[in-house]
Amino acid sequence: MQPKDLLNLPVTLLGRQGSPCFQQARLQRTSSLLGLPAPPRDQNVNYSDPELLDGFLKYGFNAIVSRSLGHEREVPDTRDKRCLYKRYSPHLPSASVVICFYNEEFTALLRTISSIVYLTPPHLLEEIILVDDMSQFGDLKEKLDYYLESFRGKVKLVRNKKREGLIRAKMIGASYASGEVLVFLDSHCEVNRGWLEPLLNAITRDSRTVVCPVIDAIDDMSLVYMPSPLVRGAFDWNLQFRWDNVFSYEIDSPEGPTNPIRSPAMAGGIFAMYRPFFYGLGEYDKDMDLWGGENLELSLRIWMCGGQLFIIPCSRVGHIAKRHRRSDSTLRKAMARNYLRLVHVWLDEYKEQFFLRNPDLKSMTYGNISERVQLRKQLDCKSFQWYLDTVFPELEASMNS
C-alpha cells in the first residue's frame, strides 16, 4: 500500500455469517481489504465459528488460539548456536521496557509481560511500563489490574485520560522510566531466551547506538512461533518499510551471523536506546498522530544526527504481524500527515521523489514543523544526501525504478 492510497480505501468490511466456505472467503476478503495475504486454508480451523472472524476484526489475529495458549508458553530458541557462547559484562545497564496498548487481546498482552519477566535477568529489568491508551474493552480494566498484581514491583500501569495514539503514548511511557536504557516493545510480542543482554551490551559499547532485535514471526492464524532470517530494515521512495538482504561481508566472518548488522531503518516499535540519547535526540515528533512513519523518522534522525542503528542477531523477539484495519479514515489521514511531516523535515530536495509517486499528497496540510526543523539545526544533523551516500546508497540507485 502506498501513501497516496491511504486516502482512497473503503471504510467498511462487509460480510455475513454462514457456511464454512463462506467464512473462509470472508476471511480472505477481510485480508484483501487489509492489504495483507489471505490466510491459507487450514483443515483444523472451523471457519464457521463467528468468534474466529470477530477476533480478526477486533485484534488482527486468531484470538481463539491466543486464549487457548494462556498467559505464558515456551517458544523455541531461534538464536544461532554461536550466540550461546557469547559472554557479556556483569555490569550492564538497567532497562525500562515500555509497552503501549490499545484494545489489545488480553492473553497476548499477558504473554508479552510474562515472557519479559521470566526471560530477563531481574537485576537488568528495572521495570515494565504499560501505557493503556484509553482501551475500550472491559477485560483491560479491572481484570487486567487483578492479573498484574502477580507482577507487583515490576510492572507500572499508566492509563491515559484521552486517546493519544501510539507515538505520544510511547513518549508518555518513557517519561515514567527510571532505567538507564529504554526498550520499546509492542503489546503482542514474546521475547526469547537471552534477548536483552546483547542489546544492552551493544549500547554499553557506544551510547549513541540504537539497537533492534531480530523480529521472529508469530503466525496470525496459528500463533506458531517461527524463526526469521537475518535481514536489515529498508524502505522505498513511497516511504514503505521493507526487509532487505544483509550484505555477505557483514556475516562472513569468524564469528558468523552473530555480529551487529547495520540497518538503514527500523521496522517499528521494537528497539532499545540509551535514555539520555532518546531525549537528546528529540524523542518522537509529538505532532505525529496515531502511528505510521515514526519508525522511519526516528531512523533518519538517528543516522543523520550522530547515531547509528544496528540489528543484533543474538537477540530474538517474536511478534504478531496484525491484519490492521487501515481502511479506518482517521488512521489513513494520520499516516498521510505523518509521512508529510517526515518528508518536509528530513528529505531535503529528495522530497520530490516522494511527491513524484504521491502527487495527491502534495497539497495536504501537515501542521507546524518549525520545532522539528529547529531541532535538526540544533543537533547539527547531516543532509539526506549524506544518508544516501553513507548509509543507504541503494535507495538513490532506485530513483528511476
Side-chain angles (χ1 to χ4, degrees), residues 2-4 167 206-212 231-250 260-268 271 273 277-278 280-288 292-311 335-401:
Q2 296 181 1
K4 64 184 178 183
I167 298 168
D206 184 347
S207 62
R208 299 175 72 85
T209 292
V210 180
V211 289
C212 305
V231 288
R232 63 178 192 151
F235 58 94
D236 58 25
W237 286 110
N238 286 302
L239 302 184
Q240 295 301 289
F241 178 86
R242 60 181 174 81
W243 293 112
D244 199 8
N245 294 328
V246 175
F247 294 118
S248 59
Y249 66 80
E250 295 208 65
I261 297 167
R262 274 170 47 111
S263 186
M266 66 172 69
F271 68 95
M273 65 189 299
F277 187 43
F278 175 72
L281 204 61
E283 306 180 67
Y284 281 107
D285 178 353
K286 70 179 187 306
D287 291 317
M288 282 187 168
E294 78 282 1
N295 58 314
L296 298 185
E297 193 274 344
L298 180 57
S299 300
L300 293 177
R301 191 153 32 97
I302 290 166
W303 279 114
M304 292 166 63
C305 306
Q308 50 187 350
L309 177 62
F310 287 96
I311 292 174
M335 294 177 73
R337 171 190 167 94
N338 294 350
Y339 284 125
L340 288 171
R341 292 182 67 82
L342 182 163
V343 163
H344 285 289
V345 175
W346 296 103
L347 261 58
D348 301 333
E349 67 273 17
Y350 285 92
K351 65 184 177 183
E352 295 307 322
Q353 291 296 322
F354 175 82
F355 289 123
L356 184 65
R357 294 159 176 81
N358 301 276
D360 295 344
L361 298 185
K362 199 163 189 177
S363 60
M364 182 177 172
T365 60
Y366 49 87
N368 189 331
I369 59 170
S370 59
E371 285 188 12
R372 304 309 285 183
V373 172
Q374 183 61 30
L375 173 70
R376 181 176 174 180
K377 292 179 181 177
Q378 289 176 350
L379 295 175
D380 194 24
C381 302
K382 295 181 173 65
S383 67
F384 190 69
Q385 182 66 64
W386 175 91
Y387 174 82
L388 292 175
D389 293 341
T390 309
V391 180
F392 195 15
E394 298 80 16
L395 181 61
E396 187 169 21
S398 70
M399 282 199 302
N400 297 321
S401 64

Worksheet entry | Spacing of CZ belonging to Arg262 relative to CZ belonging to Phe310, to within rounding of 0.5 Å | 6.5 Å
Worksheet entry | Partner set under side chain to side chain donor-acceptor pair (under 3.5 Å) for Asn368, not counting sequence neighbours | Ser370
Worksheet item: Can you name the nearest heavy-atom pair linking Leu300 to Leu347, along with the distance?
Response: CD1-CD1, 3.9 Å
Worksheet item: Which pair of heavy atoms, one from Ala265 and one from Ser299, lies closest together, and at what distance?
Response: CA-OG, 3.5 Å
Discussion item. I need the minimum non-hydrogen distance between Ile302 and Val210, along with the two atoms involved.
Written reply: CD1-CG2, 3.6 Å
Worksheet item: Going by the angle between their ring planes, with limits at 30° and 60°, are Phe355 and His344 parallel, tilted or perpendicular?
Response: tilted
Discussion item. Is the ring pair Tyr387/Phe235 parallel, tilted or perpendicular, if the boundaries are 30 and 60 degrees?
Written reply: parallel
Worksheet item: Can any side-chain N or O of Ser263 pair as donor or acceptor with the backbone N or O of Ile311 at less than 3.5 Å?
Response: no
Worksheet item: Which value, rounded to the nearest 0.5 Å, describes the distance between Arg232 atom CZ and Glu250 atom CD?
Response: 7.5 Å
Worksheet entry | Ion pair check, Glu352 and Lys362, cut-off under 4.0 Å | yes
Discussion item. Please find the pair of heavy atoms, one from Pro264 and one from Gly233, that lie closest to each other, and give the distance.
Written reply: CD-O, 3.0 Å
Worksheet entry | Reported CE-to-CG distance for the pair Met399 and Leu356, which is rounded to 0.5 angstrom | 10.5 Å
Fill in: Residue from Leu239, Asp285, Ile167 passing side-chain contact (heavy atoms from CB on, under 4.5 Å) with Asn338
Ile167
Discussion item. Run Trp386 and Val391 through side-chain contact (heavy atoms from CB on, under 4.5 Å) and show every step you take.
Written reply: CA-CA 8 Å; Trp386 175 91; Val391 180; 4.0 Å; yes
Worksheet entry | Asp287 vs Arg337 side-chain heavy atoms within contact, under 4.5 Å | yes
Worksheet item: How far does CZ of Arg208 sit from CZ of Phe277, to the nearest 0.5 angstrom?
Response: 4.5 Å
Worksheet item: Hey, mind stepping through Asn358 and Tyr339 against side-chain contact (heavy atoms from CB on, under 4.5 Å) and telling me if it holds?
Response: CA-CA 11 Å; Asn358 301 276; Tyr339 284 125; over 6 Å; no
Fill in: Asn295 side-chain N/O to Ala267 backbone N/O, donor-acceptor pair under 3.5 Å
yes
Discussion item. Using 0.5 Å steps for rounding, measure from the CZ atom of Arg341 to the CD atom of Glu294.
Written reply: 13.0 Å
Practice prompt. State, to 0.1 Å, how close Phe354 and Asn238 come at their nearest heavy-atom pair, and which atoms those are.
Written response: CE1-O, 3.8 Å
Item to complete: Please list all pairs passing the salt bridge (Lys or Arg N to Asp or Glu O under 4.0 Å) test where one or both residues lie in residues 295-305, with sequence neighbours left out.
Response: Glu297-Arg301, Glu297-Arg372
Fill in: Within 6.0 angstrom of Gln385 CD, more than 12 heavy atoms from elsewhere
yes
Practice prompt. Please test Leu281 against Cys305 for side-chain contact (heavy atoms from CB on, under 4.5 Å), starting from the C-alpha separation and ending with a verdict.
Written response: CA-CA 8 Å; Leu281 204 61; Cys305 306; 3.8 Å; yes
Discussion item. For Trp243 and Phe241, take the angle between the two ring planes, folded into 0 to 90°, and tell me which bin it lands in: parallel under 30, tilted 30 to 60, perpendicular over 60.
Written reply: perpendicular
Worksheet item: Are any side-chain N or O atoms of Glu371 and backbone N or O atoms of Ile369, one a donor and one an acceptor, separated by less than 3.5 Å?
Response: no
Worksheet item: Hey, is the main chain of Gly367 close enough, under 3.5 Å, to the side chain of Thr365 for a donor-acceptor pair?
Response: no
Fill in: Value rounded to 0.5 Å, distance of CH2 in Trp346 from CE in Met304
5.5 Å
Worksheet entry | Non-hydrogen atoms of Leu309 and Cys212 that approach each other most closely | CD1-SG, 4.0 Å
